[in-house]
Structures are given as structure tokens and as C-alpha cells.
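Here it is, the structure in full.
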2 protein chains.
Amino acid sequence: MSRLLQAHINKFTAVSDEEFEEISQLFSRQEVAKKENLLEEGQISHSYYFVLKGILRKFFINEKGVEQTTEFAIENWWMTDSFSYINQSPTEFYIQAVEAAEILVISRPSFEKLLDTHSAMEKYFRCVYQKAYAATQMRIKYLYGFSREDLYHNFRRRQPEFMQRVPQYLIASYLGITPEYLSEIRRKDIS
Amino acid sequence: MSRLLQAHINKFTAVSDEEFEEISQLFSRQEVAKKENLLEEGQISHSYYFVLKGILRKFFINEKGVEQTTEFAIENWWMTDSFSYINQSPTEFYIQAVEAAEILVISRPSFEKLLDTHSAMEKYFRCVYQKAYAATQMRIKYLYGFSREDLYHNFRRRQPEFMQRVPQYLIASYLGITPEYLSEIRRKDIS
DNA sequence: CGGTCTCTTGACGGAGTTCAAAGCTAGTGG
DNA sequence: CCACTAGCTTTGAACTCCGTCAAGAGACCG
């Protein structure tokens with residue numbers, strides 16, 4: 001059903017074709033239109049998403065009513081609001097498609113079953129989380145140590161694919177700066 | 001040997017006394033003096049630490065030569081530089097005891113063995129990472145959405161134990177503000 | 001006690017925001 | 001396939017939060 005997920009799992013652990021066949025039964029495939037919300041503030045996060053194609057973003061709305069993007073997910077990335085998912089508490093986030101996307105969805109009960117019946121998946125998700133955690137740690141380091149301008153240059157250098165596929169006001173939103181200021185930074189670069 | 005770790009593991013999964021006996025063979029106990037470094041910039045992170053008593057902190061030194069604290073760990077918390085630990089690359093961080101501490105240490109080879117021979121531990125660490133990841137996600141949300149002043153009030157409300165046990169200049173370092181500005185914020189609160 | 005480490009105070013400066021308005025671009029319907 | 005509109009990007013001026021520097025006041029440890 002989805003070679004992409006199978007390949008991703010096999011990067012971290014080994015599952016046979018037969019086992020993956022069983023695993024993939026627990027997922028469903030879904031198309032998401034541009035700007036469609038998969039999750040909205042106040043809801044409880046019941047699903048886990050794996051991106052096959054397209055881009056998702058996670059954002060919240062701050063006190064001033066401004067959208068703050070905290071995470072992008074492209075092909076091969078997992079996405080959910082873990083906090084709401086773990087505690088089954090109302091989320092403070094939105095998950096939205098930046099561009100039309102194709103995803104795999106697994107519900108919480110199925111996810112539990114997945115982990116209980118396939119011990120390889122415990123390992124897989126341990127690795128996925130470990131990596132995601134390490135990445136966020138680095139992210140926090142950057143948020144602290146860098147000026148907004150350096151953040152932009154760093155982002156540009158490390159994630160060039162996002163620069164091309166994501167509109168500028170969303171990059172500003174991800175970097176925690178205003179579109180106006182981002183525009184100013186870019187002007188400096190060119191001249 | 002350590003009831004604390006056993007209890008923590010049993011919060012997420014079930015291990016018998018006998019199994020825990022085996023598990024605990026892989027750890028060693030260590031005392032850390034105040035201000036002693038467990039890890040220094042440029043080294044490779046070979047160990048994972050579990051705090052039994054006291055406080056550790058992780059920090060890096062930014063371009064201006066200022067220490068930026070990115071994480072505290074108290075009783076029942078795990079600590080390492082995951083990025084260096086996973087990739088076996090030189091770390092950019094220091095890990096230091098804020099106050100005299102007592103910790104459990106497990107080396108990377110032992111950690112691998114732990115995961116390979118005790119499948120319950122895959123589950124345990126999957127849960128630990130999942131939680132840690134969710135916590136960092138929230139942390140990033142706060143770093144974006146809040147002013148430095150709000151960050152302080154939020155920290156004070158949510159982590160009162162740290163307020164009491166950690167000196168103010170370290171809290172400033174954790175919040176990413178100067179001790180001077182933290183002092184100014186506190187003054188406003190009192191009057 | 002004496003010295004180092006921590007916390008406070010105040011004047012000044014700069015990075016980044018806010019607000020308002022104008023120029024672009026891309027999608028949509030006729 | 002063109003025209004129109006809504007959404008995106010750019011510009012500039014005023015303002016604010018927070019950092020820097022310098023100096024003084026406590027507080028803790030030997």
C-alpha cells in the first residue's frame with residue numbers, strides 16, 4: 001500500500017513484507033486539500049499523520065490573534081499534537097495543509113494495537129521520537145542563541161526545500177518574526 | 001539498588017523485581033559535586049544520566065561567551081545530549097550539576113544491550129521520549145508566543161520547585177534573558 | 001571578617017514590532 | 001483568455017522591549 005512508510009520503518013528496524021501487510025491494515029489513506037484543517041484548537045487529537053506527499057504545518061493563534069507556525073512536515077514526517085494525543089486533552093494547535101497533501105492516518109486505538117502487537121514498532125517509534133526530540137533540542141538552541149536575522153539565514157541554509165515550497169509569510173510565522181521584518185532582512189541580502 | 005528508577009519504569013510498563021535486578025546491573029551510580037561537569041563542549045556524549053537526587057543543567061556558550069541554559073533535570077529525569085549521543089558527533093553542550101547530585105549512569109553500549117535484551121525497555125524509552133518530545137513542543141510554543149516577561153511568569157507558575165532551588169541568574173539563562181532584565185521584571189511584580 | 005559571587009538600579013542604544021499604505025501576483029469567474 | 005479581486009510582499013516612520021555597560025548593595029563561604 002505504501003512503500004514510503006515501509007521504507008521509512010526499515011531505516012530503523014526490520015519488518016518483513018508480510019508483517020508490513022498487517023501493519024498497513026491499521027492505517028487509512030487520506031487526501032487533504034490546500035488550507036484544509038486536520039485538527040483545530042479545542043479538539044482532541046485522535047490521530048497520527050504520516051505525510052506521503054505535500055506539506056502540513058502546525059500552528060497556534062497567540063493572544064494578539066496572530067498565527068504562529070511551530071512545525072512543518074513534508075514527505076516521511078510524522079505529525080500530530082503529541083501533548084493532546086498523549087493526555088487526550090483539548091489541543092491549542094491547528095494542523096493544516098500548506099499545499100494539497102496525501103497522508104496516512106492512524107487512530108489512537110489502532111496505534112495502541114500497533115505497538116502492542118508489533119514489537120518492532122516500539123523500537124521504530126522509540127527511534128522516531130528520539131530523533132524528533134534531538135531535533136527539537138537543536139531547534140531550542142537556535143531559538144535562544146541566534147538573532148532573528150541569523151535564524152533566517154540558518155533556516156535558509158539548512159532547509160532550502162522549504163524556502164521554495166512555502167510562502168514567505170509562513171516562513172516568517174515559523175521563525176517568529178513579522179513578514180515586514182523578513183522582507184527587510186531579504187532586502188539586505190540582495191543588495 | 002535504585003527504587004526510584006524501578007518505580008519510574010513501572011509508571012510506563014511492567015518489569016518484575018528479577019528483571020529489574022538484571023537491568024540495574026547495566027548502570028553505575030555516581031556522585032557529582034556542585035558545578036562539576038559531566039560533559040563538556042567538543043566531547044562525544046557516551047552516557048545517559050538518570051537523576052536520583054539534585055539538579056543537573058545543560059547549557060551551551062553562545063558567540064558572545066554567555067552561558068545559555070537549555071534544560072534542567074531534577075529527580076526522575078533523564079539527561080544527555082541526544083544529538084551527540086545518537087550521531088556520536090562532538091557535542092556543543094555542557095552538562096553540569098547545579099547542586100550536588102546523585103545519578104545513575106549507563107554507557108552507550110550498555111544502553112544498546114538494555115534495549116536489545118529487555119523489550120519492555122523499548123516501550124519505556126518510547127514513552128519517555130514521547131513525553132519529552134511533547135514537553136519540548138510546548139516549550140517551543142512558549143518561546144514563540146510569549147514576551148520574556150510572560151515567559152518568566154509562566155515559568156514561575158508551572159515550575160515553582162525550580163524557582164526555589166535554582167539561583168536567579170540561572171533562571172535568567174534558562175529564559176534567555178539577562179539577569180538585569182529579570183531583576184527589573186521581579187521589581188514590577190512586588191510593587 | 002574580607003572577598004567573591006549574586007542581585008539590583010539606572011541611562012542609553014539597537015533589534016524587531018506596529019501601523020498604514022502602496023505595489024505585486026496568482027487564482028477565479030465571466 | 002482577459003480582468004478583477006484577494007492575498008501576498010514591500011516600504012517607511014514611530015515606537016517598545018530588552019540588551020549593554022557601569023556601578024553599587026547584599027549575601028554567602030572560607
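Labels below follow one simple rule: chain letters A, B, ... track the order of the sequence lines, proteins then strands, and each chain is numbered from 1.
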If the helix axis at each end comes from five base pairs, how far does the helix from C:dC1-D:dG30 to C:dG30-D:dC1 deviate from straight, to 10°?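 Roughly 50° between the end axes, to the nearest 10°.
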
With sugar-phosphate meaning primed atoms plus P, OP1 and OP2, does B:Glu180 contact a base, only sugar-phosphate, or nothing at under 4.0 Å between heavy atoms?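 Base contact.
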
Given D:dT20, C:dG16, C:dT6, which nucleotide is nearest the side-chain atoms of B:Thr178?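 Per side-chain heavy atoms of B:Thr178, the pick is D:dT20.
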
Nearest whole Å is fine: how far is C:dT8 P from B:Ile185 CD1?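 About 11 Å, once rounded to whole Å.
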
Go through the structure and list residues passing side-chain hydrogen bond (donor to acceptor under 3.5 Å, both in side chains) with A:Glu184, not counting sequence neighbours.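 Partners of A:Glu184 under the side-chain hydrogen bond (donor to acceptor under 3.5 Å, both in side chains) test: none.
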
Knowing that exactly one of A:Phe111, A:Tyr133, A:Phe50 qualifies, which makes a ring-ring contact (aromatic ring centres under 6.0 Å, His included) with A:Phe125?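 Going through the options one by one, the only one that passes is A:Phe111.
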
d(CD, B:Glu99; P, D:dC29) in whole Å: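 Taking atom P of D:dC29 as the reference, CD of B:Glu99 is at 13 Å.
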
Hey, does the side chain of A:Arg187 come within less than 4.0 Å of D:dG12's phosphate (OP1/OP2), counting only N and O?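 For A:Arg187, the contact criterion (side-chain N or O under 4.0 Å from OP1 or OP2 of D:dG12) is met.
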
Starting at the 5' end of DNA chain D, which residue's closest nucleotide do you reach first, B:Gly176 or A:Ser183?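 That would be A:Ser183.
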
Please report the interatomic distance CD(A:Glu19) to CE(A:Met121), rounded to the nearest 0.5 Å.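 Nearest 0.5 Å value for the CD-CE distance: 8.5 Å.
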
Give the rounded distance in Å between these two atoms: NZ of A:Lys35 and C1' of C:dA26.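 To the nearest whole Å, that distance equals 12 Å.
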
Once you round it to whole Å, what is the distance between P of D:dC8 and CD of A:Glu184?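 Going from A:Glu184 (CD) to D:dC8 (P), I get 21 Å.
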
May I have the distance from B:Phe146 (atom CZ) to C:dG16 (atom C1'), rounded to whole angstrom?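 My rounded result for the distance is 20 Å.
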
Side chain of A:Ile177, heavy atoms from C-beta onward: which of D:dC18, C:dT17, D:dT10 has the nearest atom to it?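 Nearest listed nucleotide: C:dT17.
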
Starting at atom CG of A:Leu170, determine the distance to atom C1' of D:dC8, rounded to an integer number of angstrom.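 A:Leu170 atom CG is separated from D:dC8 atom C1' by 10 Å.
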
From CZ of A:Arg148 over to P of D:dT16, roughly how many Å is that when rounded to an integer?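 For the pair A:Arg148 CZ and D:dT16 P, the rounded distance is 19 Å.
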
Please state how far atom NZ in B:Lys34 lies from atom P in D:dC29, giving the value in whole angstrom units.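 To the nearest whole Å, that distance equals 6 Å.
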
Ring center gap for A:Tyr174 and A:Phe155 short of 6.0 angstrom: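 Yes, the ring centres sit under 6.0 Å apart.
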
Below 4.0 angstrom from OP1 or OP2 of D:dC8, is there any side-chain N or O of A:Tyr169?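 So the side-chain polar atoms of A:Tyr169 do come within 4.0 Å of the phosphate oxygens OP1 or OP2 of D:dC8, strictly under.
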
Are B:Ile185 and B:Ile177 close enough that some pair of their side-chain heavy atoms sits under 4.5 Å apart?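 The answer is yes, as the side chains (C-beta and beyond) meet within the 4.5 Å cut-off.
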
Can you see which heavy atom on B:Phe59 is nearest to which on B:Thr69, and at what distance?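 Taking B:Phe59 first and B:Thr69 second, the nearest heavy atoms are CB-CA, 3.7 Å.
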
Listed nucleotide nearest any side-chain atom of A:Tyr181, set D:dG19, C:dA15, C:dT8: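 Closest of the options to the side chain of A:Tyr181: C:dA15.
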
Would you say a side-chain N or O of A:Lys64 is under 4.0 Å from OP1 or OP2 of C:dT17?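 For C:dT17, OP1/OP2 do not have a side-chain N/O of A:Lys64 under 4.0 Å.
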
Minimum heavy-atom distance A:Ser82-B:Ala134, with the two atoms named: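 A:Ser82 and B:Ala134 have their closest heavy atoms at CB-CB, 3.8 Å.
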
